[in-house]
Protein chains: 4
Amino acid sequence: MTEIILRSNQLKFHKETFEKTTEDRRQKVLEVAIDAFALNGYNATSINDIAKNAGISIGAMYSYFASKEDLFLTIINNAYFLMEEILNEVKESSRDIYDCVERMLSASREFSFQYPKLNQLYLDLTTQALAPLAVRLSSKLERITPRMLCDFIKAGVEEGIVNDKADKSVMAYCIDNIFMLYQFSLSSDYYKERLKIFIGEEKVSEVKDLEKGIVSFIRAALEVK
Amino acid sequence: MTEIILRSNQLKFHKETFEKTTEDRRQKVLEVAIDAFALNGYNATSINDIAKNAGISIGAMYSYFASKEDLFLTIINNAYFLMEEILNEVKESSRDIYDCVERMLSASREFSFQYPKLNQLYLDLTTQALAPLAVRLSSKLERITPRMLCDFIKAGVEEGIVNDKADKSVMAYCIDNIFMLYQFSLSSDYYKERLKIFIGEEKVSEVKDLEKGIVSFIRAALEVK
Amino acid sequence: MTEIILRSNQLKFHKETFEKTTEDRRQKVLEVAIDAFALNGYNATSINDIAKNAGISIGAMYSYFASKEDLFLTIINNAYFLMEEILNEVKESSRDIYDCVERMLSASREFSFQYPKLNQLYLDLTTQALAPLAVRLSSKLERITPRMLCDFIKAGVEEGIVNDKADKSVMAYCIDNIFMLYQFSLSSDYYKERLKIFIGEEKVSEVKDLEKGIVSFIRAALEVK
Amino acid sequence: MTEIILRSNQLKFHKETFEKTTEDRRQKVLEVAIDAFALNGYNATSINDIAKNAGISIGAMYSYFASKEDLFLTIINNAYFLMEEILNEVKESSRDIYDCVERMLSASREFSFQYPKLNQLYLDLTTQALAPLAVRLSSKLERITPRMLCDFIKAGVEEGIVNDKADKSVMAYCIDNIFMLYQFSLSSDYYKERLKIFIGEEKVSEVKDLEKGIVSFIRAALEVK
DNA sequence: TATGAATGAGTGTTCATTCAT
DNA sequence: CATGAATGAACACTCATTCAT
């Protein structure tokens, strides 16, 4: 997996100490923790095992994070930061909603290939059982995409390149539903399997084609007739 | 919650004994188990607690199900059976793809209101950590919708009421992505919250409007220009 | 140590299961727990060790008691019950306050010799750190002696065999202070040592003499001049 | 709480370095440690927490004291020193045993109000679990009062103001039992509660009356008829 | 068949102490 | 001399599963 850099935005779930250890340790802890959480899910993952596999003492682990919860949230928060950066880039570089849709799909794909585990973690977080954890992050959750999509759609309507048949925010919601599950389809076994059932085992590897299909579906949904 | 009836299709994860107990016991066990699994997730749920809350002995529990896993799968399998029935009804009664889309949304909504917990369980199952469980069900997973949607779309193209811009199976996939997250949006806290962010807190209660919006989004995506 | 019988008065800190195991197990658990708590104090005692030494699984331990706290309180509560019985016997059989004082001293001595560990536990409980535990027992704490002593003193004053120089409840308090530390002096190392310093190493074994001295001290304090 | 001054008599449980730091640090460490030990008891108190709350590093802590035990003993030793000073003052200024008894009670009360925590610590130390610690202090324990009381009583007998009914050392022992628990009654919750049960909630605040009662109890016990 | 007591490996977390800087 | 990161055994407690009754 690509190197994970520890980012702190507004939220911070690790202790200061974690910023002070060596880069190697930090890397190893995050990497091992991501693997473990992604593989077994939050509840079935043992923080003692993570420590062991990262080659550090459990005491050290607890000097970096106040709790298992905080370790998990540190990782998720990091993942959000990563995704945010990508989304901001997409936003800046997109001419219009159609351009944006294309770039979003590419971004989703690249993120999924680079960090498949992070997507699995994210799926876990959306689970009802982890709602109490999600709450601690809620300020950051899903803020960017809705606004971005809505803004582009609104602009498109004004420019006359997007129809105004459906409520603009519903359009955004539909598009994002497609994106979100597409992203899961590239990283989580269940949704991978589901994708296969829809488009056939052999076509799964040709993601570019799939994306083209999705783009033209969305384009058709938005275009003025 | 509406009464759950124990159905056995091809798959069966309970022991014979479970079919032989009284209806009351069976009901109570399933009901309590669904509540517990939905609230805490598979891993954080204790089968001992379920037995206690259902008023039966843990020994009885293990005479009905070989393991915690099997209890969980029994429930999920049942839920699939329920969903299948609904889908088959939709399939039978729909004139064309547009009719089908509308009916699917209603069906999703009704299912989510009647069995919100089952949806939460299903979300759990799609999680990477539960992939080993999902595998045991794979023969049943997600078989109906893809075929149904594809068939209606194909028919629509032949009738000239659906464009052939995008690959038909991709169309089906996009539509189902929208459905699936819509269903989660009605039953799982995380996705409820996400929906609010898209369409605003005040509009969440007016689901009919939302569904109309979704329908017209999909209609636009499919229609011939 | 003399056999401990599980008594339940109003208060009960064990689970039903504990009443259902074999007498042997019950005995062994209580015996081992008393030894451990007495030796190391509440906080430094490991409930896992107790289970190990009692030859039962830790799971069984927790099926008998909801927590370490409850195990401790079960023992203390039992000890109170024992002490209460003795005190009631003293009360019933005493002619007057002077008789009562003598019997109390004997009773204290016998209790201390029979159950030295219980006295050590009790001392622990009076510690500030265990105040939260003591609170859970407060309804039972120290209720009998004050009333008994006061009643006998009052009767003595009326009969003209006790002076009324000091407040009667203060008299009772002073007498009980003497009793209480006498009891500790017979069971807890610290207070044993202290007693030695007062009356000399050689005289410690002749408790009867000591008791005579205490009796005549108290008698002098109460008698009418 | 009144300032604690670090005293070294014969015994010393801290390292030289502790004498060399600033007065402020020394104060803060002792103050925080006393609070913590008094509140939670020796075993449940974390030396890391003490360091943190005192604003010093755990490393510094261990440069001042070789172990948690030594920190505790330093405090206890200090407390003894304090108590010794008071006792010596009482001894010097008392005319006879009756005078001494009165002064002792006042001294106990004043000490309890000024250093309630130290009394709680002392109670902890008398616990069986801390016997190994108490042993390290044994040379200092309880040496003064027995001798002082015995001497005054002996003098009283010679002067003819004290009866010789009971063994003089037993008299001293009884008197000190009363003192000791009186002191606990003013500082430790358990014994506070016990006092209330004896003399009633409303009278607890009027300690002067209580002390008068105790004095006249002891006076009656000693006086020649 | 139903019961529920029993098991014991495993959980998240704490803390006295060490030692490189 | 002071710092505080690091250690890891130990803790209270949980829970899927077994099995004698």
Side-chain angles (χ1 to χ4, degrees), chain A residues 15-22 25 43-52 55-71, chain B residues 15-18 20-21 25 43-52 55-71, chain C residues 15-22 25 43-52 55-71, chain D residues 15-18 20-21 25 43-52 55-71:
Chain A
K15 297 189 187 171
E16 299 257 312
T17 339
F18 191 50
E19 289 169 37
K20 292 192 205 139
T21 359
T22 62
R25 270 174 99 91
N43 272 305
T45 297
S46 154
I47 201 169
N48 281 283
D49 282 354
I50 293 176
K52 210 168 292 165
I56 69 167
S57 70
I58 180 62
M61 197 89 241
Y62 274 86
S63 83
Y64 299 150
F65 306 97
S67 63
K68 180 181 168 184
E69 209 176 290
D70 279 11
L71 168 57
Chain B
K15 296 186 186 172
E16 298 260 313
T17 27
F18 191 48
K20 293 191 200 140
T21 4
R25 269 172 101 89
N43 272 303
T45 296
S46 152
I47 201 171
N48 285 303
D49 279 357
I50 292 176
K52 203 171 297 164
I56 70 166
S57 69
I58 180 66
M61 198 88 241
Y62 273 86
S63 85
Y64 299 149
F65 306 98
S67 63
K68 181 180 168 182
E69 208 176 291
D70 280 11
L71 168 57
Chain C
K15 296 190 188 170
E16 299 258 310
T17 339
F18 192 49
E19 289 169 37
K20 291 192 204 140
T21 357
T22 62
R25 268 173 102 90
N43 272 306
T45 296
S46 154
I47 201 168
N48 287 45
D49 281 355
I50 292 176
K52 210 168 291 166
I56 70 167
S57 70
I58 180 64
M61 198 88 241
Y62 274 88
S63 84
Y64 299 149
F65 306 97
S67 63
K68 180 181 168 183
E69 209 176 291
D70 280 11
L71 168 56
Chain D
K15 296 186 185 172
E16 298 261 313
T17 27
F18 191 49
K20 293 191 199 139
T21 3
R25 270 172 101 88
N43 272 303
T45 296
S46 152
I47 202 172
N48 289 41
D49 279 357
I50 293 175
K52 203 172 299 164
I56 70 165
S57 70
I58 181 63
M61 197 89 240
Y62 273 85
S63 84
Y64 300 149
F65 307 97
S67 63
K68 182 180 166 183
E69 209 176 289
D70 280 11
L71 168 57

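Note: hydrogens, waters and symmetry copies are ignored here, and every other heavy atom, side chains too, is used. Bear in mind the structure is a predicted one, so any value in this text is a computation, not a measurement. Each chain gets a letter, A, B and so on, in the order the sequences are listed, and its residues count up from 1.
- Lys52(D) places no side-chain N or O within donor-acceptor distance of the main-chain N or O of Ser57(D), the cut-off being under 3.5 Å.
- An OP1 or OP2 oxygen of dA2(E) is reached within less than 4.0 angstrom by a side-chain nitrogen or oxygen of Ser63(B).
- Of all heavy-atom pairs spanning Asp70(D) and Ala66(D), the tightest one is OD2-CB, 3.6 Å.
- Nearest approach of Ser67(C) to Ile47(C), heavy atoms of both residues: C-CD1, 4.4 Å.
- Tyr64(A) comes within 4.0 angstrom of sugar-phosphate atoms only, judged by non-hydrogen atoms across all strands, and of no base.
- Of the candidates dA5(F), dA2(E), dA6(F), dA5(F) carries the atom nearest the Lys20(A) side chain, counting heavy atoms from C-beta on.
- Atom CD in Glu16(C) sits about 9 Å away from atom P in dA5(E), given to the nearest Å.
- Applying the 4.0 Å criterion to OP1 and OP2 of dG4(E), one finds that Ser57(B) has every side-chain N and O outside that range.
- In this entry the distance linking CZ of Phe18(A) with P of dA6(F) reads 10 Å, nearest Å.
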5'-to-3' dot-bracket of DNA chain E (Watson-Crick, G-U; under 3.5 angstrom; crossing pairs as [ ]; | other strand): .||||||||||||||||||||
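- Residue Arg25(C) places none of its side-chain N or O atoms closer than 4.0 Å to OP1 or OP2 of dA5(E).
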Residues Ile58(D), Met61(D); criterion side chain to side chain contact (heavy atoms under 4.5 Å, CB included); working and verdict: CA-CA 5 Å; Ile58(D) 181 63; Met61(D) 197 89 240; 4.1 Å; yes
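- At whole-Å resolution of the value, NZ in Lys15(C) and P in dA6(E) are 12 Å apart.
- Note: CE (Met61(D)) to C1' (dA5(F)) measures 18 Å, nearest angstrom.
- Between Ile56(B) and Tyr64(B), the shortest heavy-atom distance links the atoms CD1-CE1, 3.9 Å.
- Put simply, NZ on Lys52(B) is 15 Å from P on dT3(E), counting in whole angstrom units.
- The minimum heavy-atom distance between Thr17(C) and Ser63(C), with the atom names listed, is OG1-O, 2.9 Å.
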Nucleic acid footprint by protein, nucleotides 12-21 of chain F - heavy-atom cut-off 4.0 Å, B for base, S for sugar-phosphate alone: BBBBBBB---
